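Values below: all heavy atoms of this structure, side chains included; hydrogens, waters and symmetry mates excluded. Because the structure is predicted, anything quoted here is derived from the model rather than measured. Here, residue 1 is the first one in the sequence, and each next residue gets the next number.
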Amino acid sequence: MFKRALRLAALPVLISLVITPVRVFLELAGVPTVFVFPLGLLWLALGFAVFLGTRLGEEEHPYLLLLLSLVIFSPPSRFPVFVMWWVDTTWGLGTHYNIFDSRGQALFSQLFWGSVIQVIPGFLLGSVVLGIKRTRATAA
């Protein structure tokens with residue numbers, strides 16, 4: 001099950017590694033926030049959860065696989081945000097990433113709380129989609 005969850009999370013992790021630098025570049029280029037905001041990692045996590053909810057209906061333990069995939073996805077997806085905090089703090093770029101006072105605070109906030117903020121709503125949304133999908137499959 002862990003290997004399956006790892007395979008499911010691989011592409012979203014790679015996408016997340018691109019999203020944060022793109023978002024920083026757009027911020028620095030002066031693109032209005034209304035266009036930059038949708039490139040957030042929470043939106044990616046929610047989209048990933050919906051995707052999994054539509055795909056895991058036939059799995060033996062779909063809810064566990066959904067949760068495990070999100071748990072595998074979240075910390076690596078948050079790591080570039082920590083790196084951008086460090087870059088912003090070191091070079092004073094003035095992006096929205098410079099909101100923490102110390103390295104420990106940034107690490108804890110991004111890797112732990114950021115992951116929790118992705119996993120919980122992602123699991124809830126994915127579970128709803130999965131439940132609807134499974135209910136429709138049994139009704140058909």
Would you give the length of the straight line joining atom OG1 of Thr89 to atom CD1 of Ile99, rounded to the nearest 0.5 angstrom? 10.0 Å
Heavy-atom side-chain proximity of Ile72 to Phe2 below 4.5 angstrom: yes
Could you tell me the separation between the CD1 atom of Ile117 and the CD atom of Gln110, rounded to the nearest 0.5 Å? 8.5 Å
Do Val116 and Val119 share a hydrophobic cluster (ILVMFWY, side-chain heavy atoms under 4.5 Å, transitive)? no
Min side-chain heavy-atom separation Met84-Thr95 under 4.5 Å: no
Inter-residue atom distance Leu68.CG - Leu6.CG, 0.5 Å rounding: 9.0 Å
Decide yes or no for Arg23 and Tyr97: does some side-chain heavy atom of the first lie under 4.5 Å from some side-chain heavy atom of the second? yes
In this structure, would Leu70 and Leu64 fall into the same cluster of hydrophobic residues linked by side-chain contacts under 4.5 Å? yes
Between Leu28 and Leu93, is a side chain to side chain contact (heavy atoms under 4.5 Å, CB included) present by the stated rule, with each step listed? CA-CA 8 Å; Leu28 293 174; Leu93 300 177; 4.1 Å; yes
For residues 33-62, which side-chain donor-acceptor pairs fall under 3.5 Å, sequence neighbours excluded?
| residue | atom | partner | partner atom | Å |
| --- | --- | --- | --- | --- |
| Thr54 | OG1 | Phe51 | O | 2.7 |
| Glu59 | OE2 | Arg4 | NE | 3.2 |
| Glu59 | OE2 | Arg4 | NH2 | 2.9 |

Considering all heavy atoms, the nearest Ala9-Pro12 contact: O-CD, 3.3 Å
Does atom CZ (Phe25) have a neighbourhood of more than 12 heavy atoms from anything else shown, all under 6.0 Å? no
Joining Ile, Leu, Val, Met, Phe, Trp and Tyr whenever any side-chain heavy atoms lie under 4.5 Å apart, the cluster holding Val128 also takes in Ile132
Least distance between heavy atoms, Val81 atom then Ser77 atom: CG2-O, 4.4 Å
Hey, can you tell me if Phe82 and Phe79 have their rings parallel, tilted or perpendicular (30° and 60° cut-offs)? tilted
Hey, could you give me the CZ/CG distance between Phe73 and Leu14, rounded to the nearest 0.5 Å? 10.5 Å
Tell me whether Leu67 is reachable from Val129 by hopping between hydrophobic residues (I, L, V, M, F, W, Y) whose side-chain heavy atoms are closer than 4.5 Å. no
Gap between atom CD of Gln118 and atom CZ of Arg78 - 0.5 Å precision: 5.0 Å
